[in-house]
Amino acid sequence: MKYIEYKDLDLVNMAGEILSEWKKRDIFNKSIESREGNETFTFYEGPPSANGTPGIHHVMARALKDIFCRYKTLKGFQVKRKGGWDTHGLPVEIKVEKELGITKDDIGKKISIEEYNQKCKEAVMKFKDEWDELTERIGYWVDLDNPYITFDRDYMESLWYLLKAFYDKGLLYKGYTIQPYSPAAGTGLSSHELNQPGCYKMVKDTSITAQFKIKNTENDYFLAWTTTPWTLPANSALAVGKNINYVKVRTFNPYTYEPVNVILAEDRVGAYFGADSKDLKIEDYQAGDKRIPYEVIESYKGSELVGMTYEQLLPYIPLPHPAFTVVMADYVTTEDGTGIVHISKTFGADDFRVSVQNNIPGVMVKDDLGNDVPIVDKKGRFVKEITDFAGMYVKNYEGKDESDPAYKSTDVLIAIKLKGENKAFRVEKYEHSYPHCWRTDKPVLYYPLDSWFIKTTAYKDRLVNLNKTINWKPASTGTGRFGNWLENLVDWNLSRSRFWGTPLPIWRTKDQKEEKCIGSMEELKAEVEKSVEAGFMDAPIGDDFDLHRPYVDNVVLKSDSGKQMFREEALIDVWFDSGAMPFAQWHYPFENKDIFEKSFPADYITEGVDQTRGWFFTLHAIAGMLNDSVAFKNVIANGLVLDKHGNKMSKRLGNTVDPFKTLETFGPDATRWYMIANANPWDNLKFNPEGIQEVQRRFFGTLHNTYSFFALYANLDQFTFEDEEIPVTKRPESDRWIISKLNSLVLAVDEFLADYEPTKACRAIQDFVIDDLSNWYVRLNRKRFWVGDYTEDKKAAYQTLYTCLVTVAKLASPVAPFYMERLFLDLNNTTGQEQLESVHLGYFPEAQPALIDKSLEKKMKLSQSISSLVHSLRKKEKIKVRQPLARVLIPVLDPEIKEMIHEVEDLIKTEVNVKSVEYIDDTTGVIVKKIKPNFRELGKKYGSKVKHIAAAIKEFGQEEIGILEKGSQLEIHIEEETIYLDIDDVEILSEDIPGWLVASDGSLTVALDVSITEDLRKEGIARDLVNRVQNLRKDMGLEVQDKIMISIGKNEAMINDALLDNKGYICRETQALSLDIKENLSDGKLLEMDELKLLVRIDV
RNA sequence: GGGCUUAUAGCUCAGCUGGUUAGAGCGCUACACUGAUAAUGUAGAGGUCCGAGGUUCGAGUCCCCGUAAGCCCA
């Protein structure tokens, strides 16, 4: 059987062929089945949403998932990977709304919820086929046949189970958050609705800078500015910035003319006090003066103000301490206002958050049912407790004519009241952008709305600690982005008021006094039966009951006291869906308990860094709170894929890359390799197709060339690895070297992949293939493959190269699964070395440390450096490599180095075509040495004196160097101090050999003898001839193994001698049976070699 | 506004715990090689290591303040 020889490398078609082979032979399943009973490695697939087409970044993400699953499979683990689809949520709904040309309001009116949800269900899998195709074509092995789907009843039942588990632990509660709310429409608005064009409008509002009197002072006030004066009755705290500087200013209130001391940010003084008032004297002030004097009398850091208390501004509803305290908030700026921010817990999202963090209560009143409600009702009116303004709309929701001169907004009325009470420092109209309801065009309020929460804060410390056990790649995402997020955790708002999602399984009585949380289908059925008995429902529900809206909404349950219970309207956050996948993908705990237990937590997950607070968090929170465990042990948070200029890809800019086209052009392997090798996956990737091309040419091209080289000659020699393997120790030095390098590579790649460093692994493989294997080993050993008989040496060469290629195929197979499969099969199918039908069913190569010879690697490095230096000298002297030279001289001071070079002498000699390598040591006395300070050593010993010592060392001549080399100490004087230097404090290098042509690199120096003797010249001519004959052979279209006869026209004696002296060599090299010099050669070809002309004829 | 990341040659990236000439590949220029040949070798040009300060005998590397870009959150 022969190795397949290829014309050229077609990575695209090759991948297609491999793909159909895999399918035909069911290789993916075999890669799992063949590991049955082995230790498992658990991977969780972060479910994509198939309602859009996949992009190029999905290639990156999927490659990253695939690489480690394949690697672990090679390491013997059983790696099951269940695919999944994320199907619920807002993006789906919005897309459907758009398609149907409806808005949220129309749902339940123009279209029934039932129909609408049906549309969503259809839409969400719209592009599933494209996704599946991409997954397959990039070689991402994942079980697409049995995926988990978040809208499945079983999946949702697991979600209900989990929600009930939270509920039973007392971790699921109803509270409120501050959300955009439209009193005119009587509904909350999502951020998506707020982002509709035209929602934000410039409006002129009355803004007030209010004076908050500091407790236990005569007339000291904090100044805080607001553009929503109607929230001032709800003020319960003031916020300052940590690093902002504040000052106390002595001045007068412009409305009451009373003397006041006001505190505000230093940077804002200019905005409140005119420069023209600067020179005025406090004492000269007369009540009513237009210009008011001021004087800065004290200054504070923001942190110094924290904890100070003040009197309630509008004391309608008293509150206990710590209300009316100064707190710190990160969002305070000095761009406008006073640098002190008024906080009303019930009417601002930031305010609410800061209040919760500081235990500040909100200003609230009791409603008829005894529940806490804000001081503005749902219609936008002040409640009766706000006596002065009771029943007044906080904004103009009743449609009053604002152009009427008598019209006064509530904000203005509040301003008037404050002015009168010496509580307003400034009142002015302020134009700013403010959101409006897209339905009613009326201003939006930020308003507390009911929400269901998971009390994540109760487990904050545990979640923080569990996170510390997770191996994050990169680490900073774990400690920084994710860690900080956990440190500042707030309760998880689960509620979404939408239609297409998992309904919250909680039923309540009308009076809100009784409630029930349902955790399974069985439980629901049982409760419904009770309800049917009680006459609340007509019929029981079956096993096929759909848990979606509107069906669950129609379920009315019976409370313990016999009352009707209705479902709380909320759907849950879709992130709960995906975060629950470790449980729900197995329909846990209703089925597959054992599978779940074996596959929890995950060993590895990876998604984009944008998932940090999405999937990564919800996985972590659910697992941490319910199972007291991490959900994943290792995680790669990969970066973005940008266009080649570093811009974000977007449809609008038209710089997106079609993954299918990319795969069609470059094939999956080069694409994957490029994406992983070019930059660490957690860095953003500047995607440039030219980069893939380079990978294709440089890495895959070189590897393929190496294989082709091997295949060509191995086929000629019929090498199929049938013979005994020659012990590595018995192989030539260069074989042992590349085998040593190969084993070092195996260790390195294993280590990198185990450490989730795919980029380093790729680069190591790449360097090995290109530099070590192709450019050095193969180049140096070419002759062994094509000259002479099938000797032991040749066998060793084949075996060595084969081992290198097959090992590279295995090492690189996780990243380039198609090409490496091809390479492996092409090799292994011929030799039958391993009983494997796929490289992916095999095992990761075992490194044999005994075969790693670091000193040999070092030797080879030396020979490479020396060769490179000689090449550069030849080049300088314009002596081509074909011309043999007599000798290279290498000055060596270190006998160890000398010994090492000596061992690779032969290599050097062939590589640079010289007859001998000679060493010059000290004894010859011709070497000029150079001395350099060893800063690392000197720094340790002498610290600040290093500079002076270095200067002294620079002055040293050969004599001082000699002293140190003998092992004696050298005494030098630095600033009246005597310092004894020894050999370790310096580096001694040979620099020059007078009268020779030298080149040096670091500590290596070589000299080349460039004199060409007659013998050398003759040999050069012979080599030249070989070269020309080879060209002729090629021109004649001869095969490598074809034999020829050479005839040459007679020439001058020297040339004839040159040819005859080297006849054996010439014949051997050119596969010639004879070489004759003929007196009269008529029909030869005239060859020009430098200044020579030869008439040559070749006969087959 | 906050958190995190990134910034080194025209481009893509290395640069370990600080050590004195900052590297590689691609690209460019020149030359060589010519049975791996749409390959390969050698050499050259190309750097205020984003900016300003600081620590240190010594900073691309450590600290601080900025600038720009990106992501997430407000």
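Convention: sequence-line order gives letters A, B, ...; per-chain numbering from 1. These numbers come from the heavy atoms of this one structure, side chains and all, not from hydrogens, waters or symmetry mates. As the structure is a computational prediction, the values presented were derived from the model and not from experiment.
Under a 4.0 Å N-O distance rule, the pair A:K473/A:E757 qualifies as a salt bridge. A salt bridge is defined here as a Lys NZ or Arg NE, NH1 or NH2 lying under 4.0 Å from an Asp or Glu carboxylate O, and A:D643 with A:K686 fails to meet this definition.
A gap of 14 Å separates the P atoms of B:A36 and B:G41, to the nearest Å. Taking atom C1' in both B:C64 and B:G54, one finds a spacing of 7 Å when rounded to whole Å. Nucleotides B:A22 and B:G44 have their P atoms positioned 15 Å apart, rounded to a whole Å. Rounded to whole Å, the P atom of B:G15 lies 12 Å from the corresponding atom of B:C62. Separating the C1' atom of B:C71 from that of B:U29 is a span of 41 Å, rounded to the nearest Å. When the P atom is compared between B:U12 and B:G70, the two are found 16 Å apart, to the nearest whole Å. Annotation: B:A9 and B:A24 have their P atoms spaced 14 Å apart (nearest Å). Separation of the C1' atoms belonging to B:C49 and B:U21 is 15 Å when rounded to the nearest angstrom.
Remark on RNA chain B: of its neighbouring residues A:G480 and A:L780, the 5'-side contact belongs to A:G480, judged by nearest-heavy-atom nucleotide. Nearer to the 5' terminus of RNA chain B, by closest-nucleotide assignment, is the contact made by A:R697 (compared with the other of A:T706 and A:R697).
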*What do the steps show when you test A:Y3 against A:F719 for side chain to side chain contact (heavy atoms under 4.5 Å, CB included), and what is the final call?*
CA-CA 9 Å; A:Y3 301 96; A:F719 167 81; 3.6 Å; yes
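OP1 or OP2 of B:A14 has at least one side-chain nitrogen or oxygen of A:N680 nearer than 4.0 Å. Contact check, A:N775 against B:G41: a side-chain N or O comes under 4.0 Å of OP1 or OP2. In terms of phosphate contacts, A:N678 brings a side-chain nitrogen or oxygen within less than 4.0 Å of OP1 or OP2 of B:C13. Neither OP1 nor OP2 of B:G3 sits under 4.0 Å from any side-chain N or O of A:R481.
Nucleotide B:G1 forms a Watson-Crick or G-U wobble pair with B:C73, both donor-acceptor distances falling under 3.5 Å. Across all strands shown, B:C11 forms a Watson-Crick or G-U wobble pair, both distances under 3.5 Å, with B:G25. Under the Watson-Crick or G-U wobble criterion, with both distances below 3.5 Å, B:G60 is left unpaired in every strand shown. Base pairing of B:G18: no nucleotide in any strand meets the Watson-Crick or G-U wobble criterion (both distances under 3.5 Å). The partner of B:G35 cannot be assigned: no Watson-Crick or G-U wobble pair with both contacts below 3.5 Å exists in any strand. The partner of B:G51 is B:C65, judged by Watson-Crick or G-U wobble contacts that both fall below 3.5 Å. Pairing of B:U42, defined by two Watson-Crick or G-U wobble distances under 3.5 Å, is identified with B:A30.
Ring geometry, A:F482 versus A:W472: the interplanar angle falls from 30° to 60°, so the pair is classed tilted. By the 30° and 60° cut-offs, the orientation of the rings of A:Y802 relative to A:F710 is tilted.
Donor-acceptor pairing under 3.5 Å is recorded for the side chains of A:D573 and A:W492. For the residue pair A:Q883/A:N913, the side-chain donor-acceptor check at 3.5 Å is not satisfied.
Here A:R763 lies in heavy-atom contact (under 4.0 Å) with sugar-phosphate atoms only. When heavy atoms are screened at a 4.0 angstrom cut-off, A:S476 is found touching the sugar-phosphate backbone but no base atom. If you check every strand for non-hydrogen atoms under 4.0 Å, A:R782 touches a base. Residue A:S774 is in base contact, counting any heavy-atom pair closer than 4.0 Å across all strands shown.
For A:D683, taking side-chain heavy atoms from C-beta onward, the closest of the listed nucleotides B:A36, B:G70, B:U6 is B:U6. Considering only side-chain atoms of A:K686, the nucleotide from B:U12, B:C4, B:A36 that sits closest is B:U12. Listed nucleotides B:C26, B:U12, B:A36 differ in distance to A:E694; the shortest reach to its side chain belongs to B:C26. Nearest to the side-chain atoms of A:R779 among the listed nucleotides B:G25, B:A74, B:U40 stands B:U40.
Rounded to whole Å, atom P of B:C72 lies 20 Å from atom CG of A:L489. For A:H57 and B:G70, the NE2 to P distance is 17 Å, given to the nearest whole Å. In this structure, A:L642 atom CG and B:U12 atom P are separated by 11 Å, rounded to whole Å. Here B:G3 presents its C1' atom at 9 Å from CG of A:N488, a figure rounded to the nearest Å. Between the CG atom of A:N684 and the C1' atom of B:C72 there is a distance of 12 Å, rounded to whole Å. Taking atom CD on A:E5 and atom P on B:G35, their separation rounds to 18 Å, with Å as the unit. Remark: P of B:A74 and OH of A:Y446 are 12 Å apart, rounded to the nearest angstrom. Put simply, CD1 on A:I866 is 15 Å from P on B:U42, counting in whole angstrom units.
For the pair A:N684 (side chain) and A:L640 (backbone), a donor-acceptor distance under 3.5 Å is present.
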